> 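Attaching a single structure in C-alpha coordinates format; questions to follow.
So that the names make sense, note that chain A is the first sequence line, chain B the second, and so on, each numbered from 1. Everything quoted here is computed from the prediction, not taken from an experiment.
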Amino acid sequence: MDLVEESPYRFRIDRRAPMRVPGMVFASRALLPEAGADRSLEQVANVATLPGIVGASYAMPDVHWGYGFPIGGVAATDVADGGVVSPGGVGFDISCGVRLLAADLDRADLPRIREALMDGLDPAVPRGMGRGAVWRLADRAELDAVLRGGSRYAVERGHGVTRDLARCEDGGAVDDADPAQVSDRAVQRGQGQVGSLGSGNHFLEVQAVDEVYDEPAAAAFGLRSGQVTVMIHCGSRGLGHQVCTDHVRAMEPTMAGHGIEVPDRQLACAPVDSPQGRAYLGAMAAAANYARANRQLLTEAARRVFHRVAGARLDLVYDISHNLAKIETHEVDGVPRRLCVHRKGATRALPPGHADLPDDLRPVGQPVLIPGSMGTASYVLTGVAGAPAFASTCHGAGRTRSRGQAGRAVRGQDLRRDLEARGVAVRGASWRGLAEEMPTAYKDVSAVVESAQGAGLCRLVARLVPLGVVKG
DNA sequence: ATGTAC
(Lines give C-alpha, C1' and ligand atoms only; values in the text may rest on other atoms or scores of the structure.)
Protein backbone atom coordinates (compact mmCIF):
# COMPACT_ATOMS: atom_id res chain seq x y z
CA MET A 1 0.00 0.00 0.00
CA ASP A 2 1.56 3.30 -1.12
CA LEU A 3 1.37 5.99 1.54
CA VAL A 4 2.17 9.65 0.89
CA GLU A 5 3.24 11.55 4.00
CA GLU A 6 1.31 14.83 3.86
CA SER A 7 2.46 16.03 7.27
CA PRO A 8 3.42 14.42 10.55
CA TYR A 9 0.54 12.17 11.68
CA ARG A 10 -1.13 12.32 8.26
CA PHE A 11 -0.63 9.83 5.42
CA ARG A 12 -2.60 9.74 2.16
CA ILE A 13 -3.53 6.72 0.05
CA ASP A 14 -3.96 8.21 -3.43
CA ARG A 15 -7.23 7.57 -5.17
CA ARG A 16 -7.11 5.04 -7.95
CA ALA A 17 -10.01 3.14 -9.56
CA PRO A 18 -12.33 1.91 -8.21
CA MET A 19 -11.74 4.21 -5.21
CA ARG A 20 -14.07 7.23 -5.22
CA VAL A 21 -12.05 9.22 -2.66
CA PRO A 22 -8.52 8.96 -1.26
CA GLY A 23 -7.65 7.19 1.97
CA MET A 24 -6.34 9.21 4.90
CA VAL A 25 -4.43 7.61 7.77
CA PHE A 26 -3.86 9.64 10.94
CA ALA A 27 -0.87 8.10 12.71
CA SER A 28 2.76 8.59 13.58
CA ARG A 29 5.15 6.66 11.34
CA ALA A 30 5.74 4.24 14.24
CA LEU A 31 2.05 3.44 14.61
CA LEU A 32 1.36 2.67 10.95
CA PRO A 33 0.16 -0.93 10.59
CA GLU A 34 2.93 -3.28 9.47
CA ALA A 35 2.41 -4.26 5.85
CA GLY A 36 2.00 -8.01 5.61
CA ALA A 37 1.09 -8.48 9.26
CA ASP A 38 -2.12 -6.48 8.97
CA ARG A 39 -4.22 -5.73 5.90
CA SER A 40 -6.14 -2.84 7.42
CA LEU A 41 -4.78 -0.24 4.97
CA GLU A 42 -6.12 -2.31 2.07
CA GLN A 43 -9.42 -2.18 3.88
CA VAL A 44 -9.15 1.63 4.07
CA ALA A 45 -8.78 1.66 0.27
CA ASN A 46 -11.68 -0.79 -0.16
CA VAL A 47 -14.00 1.42 1.92
CA ALA A 48 -13.10 4.33 -0.38
CA THR A 49 -15.04 2.57 -3.18
CA LEU A 50 -18.41 2.74 -1.40
CA PRO A 51 -21.21 4.63 -3.22
CA GLY A 52 -21.74 8.16 -1.92
CA ILE A 53 -18.56 8.33 0.20
CA VAL A 54 -17.38 11.91 0.76
CA GLY A 55 -14.05 13.40 1.84
CA ALA A 56 -11.89 10.35 2.36
CA SER A 57 -11.84 6.90 3.88
CA TYR A 58 -10.24 7.69 7.24
CA ALA A 59 -8.14 5.59 9.60
CA MET A 60 -7.41 6.54 13.21
CA PRO A 61 -4.01 5.88 14.89
CA ASP A 62 -5.33 2.65 16.46
CA VAL A 63 -6.40 1.19 13.11
CA HIS A 64 -6.23 -2.58 12.68
CA TRP A 65 -7.84 -5.31 10.61
CA GLY A 66 -11.59 -5.89 11.02
CA TYR A 67 -14.63 -7.38 9.28
CA GLY A 68 -14.74 -5.56 5.91
CA PHE A 69 -13.99 -2.13 7.34
CA PRO A 70 -10.90 -1.66 9.50
CA ILE A 71 -11.38 -1.15 13.22
CA GLY A 72 -10.41 2.48 13.72
CA GLY A 73 -12.14 3.52 10.49
CA VAL A 74 -14.45 6.43 9.68
CA ALA A 75 -16.50 6.73 6.48
CA ALA A 76 -19.26 9.23 5.72
CA THR A 77 -21.69 8.79 2.82
CA ASP A 78 -24.04 11.42 1.35
CA VAL A 79 -27.63 10.29 1.90
CA ALA A 80 -28.99 12.37 -1.00
CA ASP A 81 -26.31 11.08 -3.38
CA GLY A 82 -26.98 7.33 -3.14
CA GLY A 83 -24.85 7.03 -0.02
CA VAL A 84 -24.85 3.58 1.56
CA VAL A 85 -24.93 2.22 5.07
CA SER A 86 -22.88 -0.90 5.77
CA PRO A 87 -23.15 -3.10 8.88
CA GLY A 88 -19.43 -3.83 8.53
CA GLY A 89 -18.81 -0.10 9.03
CA VAL A 90 -20.35 -0.33 12.48
CA GLY A 91 -19.08 -3.72 13.55
CA PHE A 92 -20.65 -6.74 15.20
CA ASP A 93 -20.71 -5.11 18.64
CA ILE A 94 -23.17 -2.33 17.85
CA SER A 95 -22.74 0.75 20.09
CA CYS A 96 -19.93 -0.85 22.00
CA GLY A 97 -18.65 2.03 24.05
CA VAL A 98 -17.26 3.47 27.23
CA ARG A 99 -18.76 5.10 30.29
CA LEU A 100 -16.75 6.97 32.92
CA LEU A 101 -17.94 7.54 36.50
CA ALA A 102 -16.28 9.88 39.00
CA ALA A 103 -16.25 8.82 42.68
CA ASP A 104 -16.20 11.17 45.65
CA LEU A 105 -13.07 9.34 46.77
CA ASP A 106 -9.35 10.11 46.53
CA ARG A 107 -6.76 7.52 45.50
CA ALA A 108 -5.28 7.92 49.01
CA ASP A 109 -8.53 6.34 50.34
CA LEU A 110 -8.11 3.25 48.20
CA PRO A 111 -5.43 1.10 49.85
CA ARG A 112 -7.65 0.33 52.86
CA ILE A 113 -10.86 -0.36 50.88
CA ARG A 114 -9.61 -1.62 47.54
CA GLU A 115 -9.87 -5.34 48.25
CA ALA A 116 -13.36 -4.91 49.73
CA LEU A 117 -14.43 -2.91 46.67
CA MET A 118 -13.03 -5.52 44.29
CA ASP A 119 -14.60 -8.37 46.27
CA GLY A 120 -17.91 -6.50 46.12
CA LEU A 121 -17.66 -5.83 42.38
CA ASP A 122 -16.60 -9.38 41.53
CA PRO A 123 -20.01 -11.04 42.10
CA ALA A 124 -21.98 -7.86 41.23
CA VAL A 125 -20.71 -7.59 37.63
CA PRO A 126 -21.95 -10.47 35.44
CA ARG A 127 -19.43 -11.30 32.73
CA GLY A 128 -17.88 -13.90 30.49
CA MET A 129 -19.34 -15.70 27.48
CA GLY A 130 -23.10 -16.11 27.85
CA ARG A 131 -23.57 -16.13 31.63
CA GLY A 132 -25.90 -13.99 33.70
CA ALA A 133 -27.08 -10.40 33.85
CA VAL A 134 -28.15 -7.74 36.35
CA TRP A 135 -31.62 -7.47 34.83
CA ARG A 136 -34.11 -10.22 34.05
CA LEU A 137 -36.61 -8.99 31.44
CA ALA A 138 -40.19 -10.15 31.83
CA ASP A 139 -41.03 -10.62 28.13
CA ARG A 140 -40.46 -9.36 24.60
CA ALA A 141 -42.53 -6.24 25.36
CA GLU A 142 -40.10 -5.22 28.06
CA LEU A 143 -37.12 -5.92 25.81
CA ASP A 144 -38.77 -3.72 23.16
CA ALA A 145 -38.98 -0.95 25.77
CA VAL A 146 -35.21 -1.31 26.28
CA LEU A 147 -34.65 -1.28 22.50
CA ARG A 148 -36.66 1.94 22.16
CA GLY A 149 -35.60 3.68 25.36
CA GLY A 150 -32.02 2.60 26.15
CA SER A 151 -30.68 4.27 29.30
CA ARG A 152 -33.81 6.46 29.46
CA TYR A 153 -35.94 3.37 30.05
CA ALA A 154 -33.50 2.00 32.62
CA VAL A 155 -33.64 5.32 34.53
CA GLU A 156 -37.46 5.41 34.26
CA ARG A 157 -37.48 2.02 35.93
CA GLY A 158 -35.37 3.33 38.81
CA HIS A 159 -31.93 2.24 37.57
CA GLY A 160 -30.20 5.60 37.75
CA VAL A 161 -30.93 9.30 38.12
CA THR A 162 -32.16 11.88 35.60
CA ARG A 163 -28.79 13.65 35.66
CA ASP A 164 -27.21 10.52 34.17
CA LEU A 165 -29.12 11.06 30.94
CA ALA A 166 -27.70 14.57 30.45
CA ARG A 167 -24.25 12.97 30.42
CA CYS A 168 -25.09 10.33 27.82
CA GLU A 169 -24.60 10.65 24.08
CA ASP A 170 -28.10 11.19 22.59
CA GLY A 171 -29.55 11.72 26.08
CA GLY A 172 -29.32 7.98 26.69
CA ALA A 173 -31.24 6.66 23.68
CA VAL A 174 -30.98 6.82 19.89
CA ASP A 175 -34.15 7.95 18.10
CA ASP A 176 -35.77 5.89 15.35
CA ALA A 177 -35.09 2.47 16.86
CA ASP A 178 -37.27 -0.11 15.13
CA PRO A 179 -37.61 -3.25 17.28
CA ALA A 180 -39.63 -4.89 14.48
CA GLN A 181 -36.36 -5.15 12.51
CA VAL A 182 -34.71 -7.12 15.34
CA SER A 183 -35.15 -10.85 14.66
CA ASP A 184 -36.61 -13.32 17.13
CA ARG A 185 -33.23 -14.98 17.38
CA ALA A 186 -31.56 -11.66 18.29
CA VAL A 187 -34.27 -11.08 20.90
CA GLN A 188 -33.73 -14.56 22.29
CA ARG A 189 -29.99 -13.91 22.62
CA GLY A 190 -30.57 -10.49 24.20
CA GLN A 191 -33.30 -11.38 26.67
CA GLY A 192 -30.98 -12.53 29.45
CA GLN A 193 -27.92 -10.30 28.92
CA VAL A 194 -29.01 -6.74 29.87
CA GLY A 195 -26.53 -5.69 32.52
CA SER A 196 -23.51 -7.84 31.65
CA LEU A 197 -19.97 -7.05 30.48
CA GLY A 198 -19.42 -9.85 28.00
CA SER A 199 -15.87 -10.98 27.25
CA GLY A 200 -12.88 -10.05 25.08
CA ASN A 201 -11.63 -6.54 25.75
CA HIS A 202 -14.64 -5.58 27.87
CA PHE A 203 -14.07 -4.60 31.48
CA LEU A 204 -15.06 -2.57 34.50
CA GLU A 205 -12.05 -0.81 35.97
CA VAL A 206 -11.42 1.15 39.17
CA GLN A 207 -8.96 3.90 38.28
CA ALA A 208 -7.38 7.13 39.53
CA VAL A 209 -6.86 10.42 37.70
CA ASP A 210 -3.06 10.33 37.39
CA GLU A 211 -2.43 13.51 35.43
CA VAL A 212 -4.53 16.44 34.23
CA TYR A 213 -3.40 18.15 31.01
CA ASP A 214 -6.27 20.63 30.73
CA GLU A 215 -7.57 21.85 34.11
CA PRO A 216 -10.62 23.82 32.89
CA ALA A 217 -11.81 20.94 30.72
CA ALA A 218 -11.23 18.38 33.48
CA ALA A 219 -13.14 20.58 35.94
CA ALA A 220 -16.05 20.91 33.51
CA PHE A 221 -16.10 17.11 33.16
CA GLY A 222 -16.12 16.76 36.98
CA LEU A 223 -12.59 15.36 37.22
CA ARG A 224 -9.64 16.37 39.41
CA SER A 225 -6.16 15.00 39.97
CA GLY A 226 -6.09 12.04 42.39
CA GLN A 227 -9.80 11.31 42.03
CA VAL A 228 -11.04 7.74 41.88
CA THR A 229 -13.00 6.83 38.73
CA VAL A 230 -14.78 3.79 37.34
CA MET A 231 -14.64 2.97 33.63
CA ILE A 232 -17.09 0.55 32.01
CA HIS A 233 -16.41 -0.82 28.51
CA CYS A 234 -19.09 -3.08 27.01
CA GLY A 235 -21.59 -3.35 24.18
CA SER A 236 -24.74 -4.97 22.85
CA ARG A 237 -23.74 -8.61 23.49
CA GLY A 238 -25.38 -11.39 21.48
CA LEU A 239 -28.28 -9.15 20.40
CA GLY A 240 -26.04 -6.69 18.54
CA HIS A 241 -24.04 -9.54 17.03
CA GLN A 242 -27.20 -11.19 15.69
CA VAL A 243 -28.52 -7.89 14.28
CA CYS A 244 -25.29 -7.45 12.32
CA THR A 245 -25.35 -11.05 11.05
CA ASP A 246 -29.02 -10.84 10.02
CA HIS A 247 -28.73 -7.56 8.13
CA VAL A 248 -25.51 -8.44 6.30
CA ARG A 249 -27.34 -11.52 5.02
CA ALA A 250 -30.40 -9.49 4.07
CA MET A 251 -28.33 -6.92 2.14
CA GLU A 252 -26.09 -9.29 0.18
CA PRO A 253 -28.69 -10.46 -2.37
CA THR A 254 -30.04 -6.91 -2.92
CA MET A 255 -26.74 -5.24 -3.83
CA ALA A 256 -26.77 -6.04 -7.54
CA GLY A 257 -30.31 -4.64 -7.80
CA HIS A 258 -29.06 -1.37 -6.31
CA GLY A 259 -26.20 -1.34 -8.82
CA ILE A 260 -23.58 -1.69 -6.09
CA GLU A 261 -20.29 -3.51 -6.59
CA VAL A 262 -17.72 -3.80 -3.80
CA PRO A 263 -14.22 -5.30 -3.76
CA ASP A 264 -14.89 -7.38 -0.63
CA ARG A 265 -18.04 -9.38 0.23
CA GLN A 266 -17.71 -8.16 3.80
CA LEU A 267 -18.54 -4.63 2.61
CA ALA A 268 -22.21 -5.63 2.16
CA CYS A 269 -24.25 -2.43 2.12
CA ALA A 270 -27.44 -0.78 0.89
CA PRO A 271 -28.41 2.82 0.16
CA VAL A 272 -29.42 4.60 3.36
CA ASP A 273 -32.55 5.54 1.46
CA SER A 274 -33.67 1.97 0.63
CA PRO A 275 -35.78 -0.66 2.43
CA GLN A 276 -32.68 -2.63 3.44
CA GLY A 277 -30.80 0.49 4.56
CA ARG A 278 -33.70 1.73 6.65
CA ALA A 279 -34.28 -1.74 8.14
CA TYR A 280 -30.65 -2.00 9.23
CA LEU A 281 -30.56 1.52 10.69
CA GLY A 282 -33.74 0.80 12.69
CA ALA A 283 -32.32 -2.46 14.03
CA MET A 284 -28.91 -0.87 14.64
CA ALA A 285 -30.53 1.92 16.69
CA ALA A 286 -32.41 -0.70 18.74
CA ALA A 287 -29.17 -2.59 19.42
CA ALA A 288 -27.48 0.71 20.30
CA ASN A 289 -30.14 1.35 22.92
CA TYR A 290 -29.62 -2.14 24.29
CA ALA A 291 -25.90 -1.34 24.73
CA ARG A 292 -26.68 1.96 26.49
CA ALA A 293 -29.16 0.28 28.88
CA ASN A 294 -26.48 -2.35 29.50
CA ARG A 295 -23.97 0.31 30.61
CA GLN A 296 -26.63 2.05 32.72
CA LEU A 297 -27.43 -1.16 34.63
CA LEU A 298 -23.76 -1.93 35.23
CA THR A 299 -23.40 1.63 36.52
CA GLU A 300 -26.10 0.93 39.08
CA ALA A 301 -24.41 -2.33 40.06
CA ALA A 302 -21.14 -0.45 40.67
CA ARG A 303 -22.96 2.30 42.57
CA ARG A 304 -24.49 -0.21 44.98
CA VAL A 305 -21.06 -1.67 45.74
CA PHE A 306 -19.34 1.72 46.17
CA HIS A 307 -22.15 2.88 48.47
CA ARG A 308 -22.14 -0.28 50.57
CA VAL A 309 -18.38 -0.63 50.90
CA ALA A 310 -17.21 2.99 50.99
CA GLY A 311 -20.31 5.15 51.43
CA ALA A 312 -19.21 6.69 48.14
CA ARG A 313 -21.15 8.20 45.24
CA LEU A 314 -20.46 7.71 41.52
CA ASP A 315 -21.37 10.58 39.17
CA LEU A 316 -21.53 10.00 35.43
CA VAL A 317 -18.88 11.91 33.48
CA TYR A 318 -20.02 10.71 30.04
CA ASP A 319 -21.16 7.70 28.00
CA ILE A 320 -20.01 7.46 24.39
CA SER A 321 -20.13 4.76 21.70
CA HIS A 322 -17.29 3.86 19.39
CA ASN A 323 -19.17 1.46 17.06
CA LEU A 324 -22.06 3.26 15.39
CA ALA A 325 -23.40 4.88 12.24
CA LYS A 326 -25.25 8.18 12.64
CA ILE A 327 -27.08 10.49 10.29
CA GLU A 328 -25.37 13.85 10.89
CA THR A 329 -25.15 17.18 9.09
CA HIS A 330 -21.63 18.30 8.19
CA GLU A 331 -20.32 20.96 5.83
CA VAL A 332 -18.64 19.50 2.77
CA ASP A 333 -16.90 22.11 0.61
CA GLY A 334 -18.89 24.80 2.42
CA VAL A 335 -22.27 23.13 1.86
CA PRO A 336 -24.19 21.42 4.70
CA ARG A 337 -24.98 17.83 3.74
CA ARG A 338 -26.79 14.96 5.48
CA LEU A 339 -24.25 12.22 5.92
CA CYS A 340 -24.31 8.70 7.26
CA VAL A 341 -21.15 8.74 9.38
CA HIS A 342 -19.83 5.25 10.13
CA ARG A 343 -17.52 5.10 13.13
CA LYS A 344 -16.11 1.63 13.74
CA GLY A 345 -13.61 1.62 16.54
CA ALA A 346 -13.70 5.40 16.33
CA THR A 347 -15.20 7.89 18.78
CA ARG A 348 -17.36 10.89 18.02
CA ALA A 349 -15.59 14.01 19.31
CA LEU A 350 -17.88 17.05 19.15
CA PRO A 351 -16.03 20.40 19.26
CA PRO A 352 -16.73 23.23 21.73
CA GLY A 353 -19.94 25.08 20.94
CA HIS A 354 -21.73 22.12 19.36
CA ALA A 355 -25.53 22.23 19.73
CA ASP A 356 -25.77 18.53 20.72
CA LEU A 357 -23.71 19.04 23.89
CA PRO A 358 -25.38 19.74 27.25
CA ASP A 359 -25.10 23.37 28.42
CA ASP A 360 -22.39 22.70 31.00
CA LEU A 361 -20.13 20.90 28.53
CA ARG A 362 -20.74 23.10 25.48
CA PRO A 363 -17.92 25.61 26.20
CA VAL A 364 -15.38 22.77 26.47
CA GLY A 365 -16.37 20.12 23.94
CA GLN A 366 -17.47 16.50 24.23
CA PRO A 367 -15.69 14.17 26.64
CA VAL A 368 -13.96 11.41 24.64
CA LEU A 369 -13.18 8.25 26.61
CA ILE A 370 -10.27 6.08 25.48
CA PRO A 371 -9.71 2.77 27.28
CA GLY A 372 -6.16 1.44 27.22
CA SER A 373 -5.19 -2.20 27.15
CA MET A 374 -5.46 -4.13 30.42
CA GLY A 375 -3.19 -2.75 33.15
CA THR A 376 -2.19 0.36 31.16
CA ALA A 377 -3.47 3.93 31.24
CA SER A 378 -6.74 5.20 29.82
CA TYR A 379 -7.36 8.74 28.59
CA VAL A 380 -9.99 11.44 28.63
CA LEU A 381 -9.86 13.71 25.57
CA THR A 382 -12.11 16.37 24.11
CA GLY A 383 -13.21 17.41 20.63
CA VAL A 384 -11.60 20.36 18.84
CA ALA A 385 -12.87 22.83 16.25
CA GLY A 386 -11.94 22.35 12.61
CA ALA A 387 -10.95 18.71 12.96
CA PRO A 388 -10.93 16.45 9.90
CA ALA A 389 -12.83 13.13 9.77
CA PHE A 390 -16.28 14.47 10.66
CA ALA A 391 -15.64 15.03 14.37
CA SER A 392 -14.07 11.62 15.09
CA THR A 393 -11.00 10.31 16.85
CA CYS A 394 -9.45 7.06 18.04
CA HIS A 395 -11.14 4.57 20.40
CA GLY A 396 -8.40 2.65 22.21
CA ALA A 397 -5.03 1.03 21.95
CA GLY A 398 -5.72 -1.17 18.91
CA ARG A 399 -4.62 -4.78 18.59
CA THR A 400 -1.30 -5.74 17.02
CA ARG A 401 -1.54 -9.51 17.72
CA SER A 402 -4.56 -11.76 17.41
CA ARG A 403 -6.41 -13.28 20.34
CA GLY A 404 -4.99 -16.68 19.41
CA GLN A 405 -1.39 -15.43 19.29
CA ALA A 406 -1.80 -13.69 22.64
CA GLY A 407 -3.47 -16.67 24.29
CA ARG A 408 -0.53 -18.89 23.28
CA ALA A 409 2.12 -16.37 24.34
CA VAL A 410 1.26 -16.06 28.03
CA ARG A 411 -0.58 -17.86 30.84
CA GLY A 412 -3.45 -15.98 32.48
CA GLN A 413 -2.15 -16.91 35.93
CA ASP A 414 1.25 -15.33 35.17
CA LEU A 415 -0.36 -12.22 33.74
CA ARG A 416 -2.53 -11.79 36.83
CA ARG A 417 0.52 -12.11 39.09
CA ASP A 418 2.36 -9.43 37.07
CA LEU A 419 -0.61 -7.07 37.27
CA GLU A 420 -1.08 -7.59 41.01
CA ALA A 421 2.67 -6.97 41.53
CA ARG A 422 2.24 -3.65 39.71
CA GLY A 423 -0.61 -2.68 42.03
CA VAL A 424 -3.56 -3.63 39.82
CA ALA A 425 -6.11 -5.93 41.51
CA VAL A 426 -7.58 -8.45 39.06
CA ARG A 427 -10.96 -10.20 39.13
CA GLY A 428 -11.14 -12.23 35.90
CA ALA A 429 -13.78 -14.35 34.21
CA SER A 430 -11.39 -16.93 32.70
CA TRP A 431 -7.62 -17.46 32.58
CA ARG A 432 -7.71 -17.81 28.82
CA GLY A 433 -9.67 -14.59 28.41
CA LEU A 434 -7.16 -12.80 30.61
CA ALA A 435 -4.20 -14.08 28.59
CA GLU A 436 -5.78 -12.97 25.31
CA GLU A 437 -5.86 -9.40 26.63
CA MET A 438 -2.16 -9.17 27.47
CA PRO A 439 -1.02 -5.56 27.00
CA THR A 440 1.80 -6.48 24.61
CA ALA A 441 -0.86 -7.65 22.11
CA TYR A 442 -1.86 -3.99 21.79
CA LYS A 443 -0.34 -0.74 20.60
CA ASP A 444 0.79 1.78 23.22
CA VAL A 445 -2.35 3.77 24.03
CA SER A 446 -0.27 6.82 25.02
CA ALA A 447 1.31 6.89 21.56
CA VAL A 448 -2.16 6.49 20.03
CA VAL A 449 -3.68 9.49 21.82
CA GLU A 450 -0.57 11.60 21.17
CA SER A 451 -0.93 10.83 17.46
CA ALA A 452 -4.64 11.63 17.57
CA GLN A 453 -3.87 14.99 19.17
CA GLY A 454 -0.97 15.59 16.79
CA ALA A 455 -3.26 14.94 13.83
CA GLY A 456 -5.63 17.63 15.11
CA LEU A 457 -8.45 15.18 15.92
CA CYS A 458 -8.80 15.96 19.64
CA ARG A 459 -7.04 17.38 22.71
CA LEU A 460 -5.77 15.56 25.81
CA VAL A 461 -7.58 16.30 29.07
CA ALA A 462 -6.51 13.66 31.60
CA ARG A 463 -4.75 10.34 32.07
CA LEU A 464 -6.29 7.60 34.22
CA VAL A 465 -4.37 4.67 35.70
CA PRO A 466 -5.87 1.34 36.81
CA LEU A 467 -6.13 0.25 40.45
CA GLY A 468 -8.35 -2.77 39.88
CA VAL A 469 -9.92 -4.48 36.89
CA VAL A 470 -13.03 -6.64 36.70
CA LYS A 471 -12.38 -8.45 33.44
CA GLY A 472 -14.93 -9.85 31.03
C1' DA B 1 -17.07 -8.57 19.42
C1' DT B 2 -19.83 -13.50 19.38
C1' DG B 3 -23.93 -19.68 22.10
C1' DT B 4 -15.31 -18.17 18.60
C1' DA B 5 -19.05 -23.05 12.39
C1' DC B 6 -25.96 -23.93 11.16
> Do any side-chain nitrogens or oxygens of A/Arg432 fall under 4.0 Å of OP1 or OP2 in B/dT4?
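So the side-chain polar atoms of A/Arg432 never come under 4.0 Å of the phosphate oxygens OP1 or OP2 of B/dT4.
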
> Calculate the interatomic distance between A/His241 atom NE2 and B/dT4 atom C1'; express it in whole Å.
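Result: 8 Å.
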
> Mind calculating the distance between CZ (A/Arg399) and C1' (B/dT4) to the nearest angstrom?
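Rounding to the nearest Å, CZ of A/Arg399 and C1' of B/dT4 are 13 Å apart.
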
> Would a 4.5 Å heavy-atom cut-off, applied to side chains only, mark A/Leu100 and A/Tyr318 as touching?
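Contact flag for A/Leu100/A/Tyr318 side chains = no.
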
> Using a 4.5 Å cut-off on heavy atoms from C-beta on, say whether the side chain of A/His395 contacts that of A/Val368.
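Of all side-chain heavy-atom pairs linking A/His395 with A/Val368, none is under 4.5 Å.
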
> Round to the nearest Å and state the distance from A/Met129 atom CE to B/dT2 atom P.
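Result: 7 Å.
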
> Compare all side-chain heavy atoms of A/Val194 with those of A/Leu297 and state whether any distance is below 4.5 angstrom.
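A/Val194 reaches A/Leu297 side chain to side chain.
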
> Whether A/Asp184 and A/Arg140 form a salt bridge (side-chain N of Lys/Arg under 4.0 Å from carboxylate O of Asp/Glu) is what I want to check.
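Salt bridge present between A/Arg140 and A/Asp184.
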
> Scan A/Gly235 against the nucleic acid and name what it touches under 4.0 Å (heavy atoms): base, sugar-phosphate only, or nothing.
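Result for A/Gly235 = nothing.
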
> Rounding to a whole Å, what distance do you find between A/Arg131:CZ and B/dG3:C1'?
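Rounded to the whole Å, the gap is 13 Å.
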
> Looking at A/Gln193, does any N or O in its side chain come under 4.0 Å of the phosphate oxygens OP1/OP2 on B/dG3?
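For B/dG3, OP1/OP2 do have a side-chain N/O of A/Gln193 under 4.0 Å.
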
> Between B/dG3 atom P and A/Asp93 atom CG, what is the distance in whole Å?
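About 10 Å, once rounded to whole Å.
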
> Report yes if a side-chain nitrogen or oxygen of A/Ser199 is closer than 4.0 Å to either non-bridging phosphate oxygen (OP1 or OP2) of B/dT2; otherwise report no.
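Answer is yes, contact under 4.0 Å.
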
> Could you check how far CG of A/Asn294 sits from C1' of B/dT2, rounded to whole Å?
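So the two atoms are 14 Å apart, to the nearest Å.
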
> What is the distance, rounded to the nearest whole Å, between atom CG of A/Asp246 and atom P of B/dG3?
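My rounded result for the distance is 13 Å.
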
> By the 4.0 Å heavy-atom rule, please label A/Gly198 as base, sugar-phosphate, or nothing.
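Touches sugar-phosphate only.
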
> What is the separation between atom CZ on A/Arg189 and atom P on B/dT4, rounded to the nearest whole Å?
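From A/Arg189 CZ to B/dT4 P: 8 Å.
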
> Does a side-chain N or O from A/Arg237 land closer than 4.0 Å to OP1 or OP2 of B/dT2, or not?
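Yes, within the criterion.
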
> Check every strand shown and say whether A/Gly91 touches a base, only sugar-phosphate, or nothing at a heavy-atom separation below 4.0 Å.
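The residue A/Gly91 makes no contact with any strand.
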
> Would you find more than 12 non-hydrogen atoms of other residues, nucleotides or ligands less than 6.0 Å from A/Glu252 atom CD?
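For A/Glu252, atom CD is crowded (more than 12 foreign heavy atoms under 6.0 Å).
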
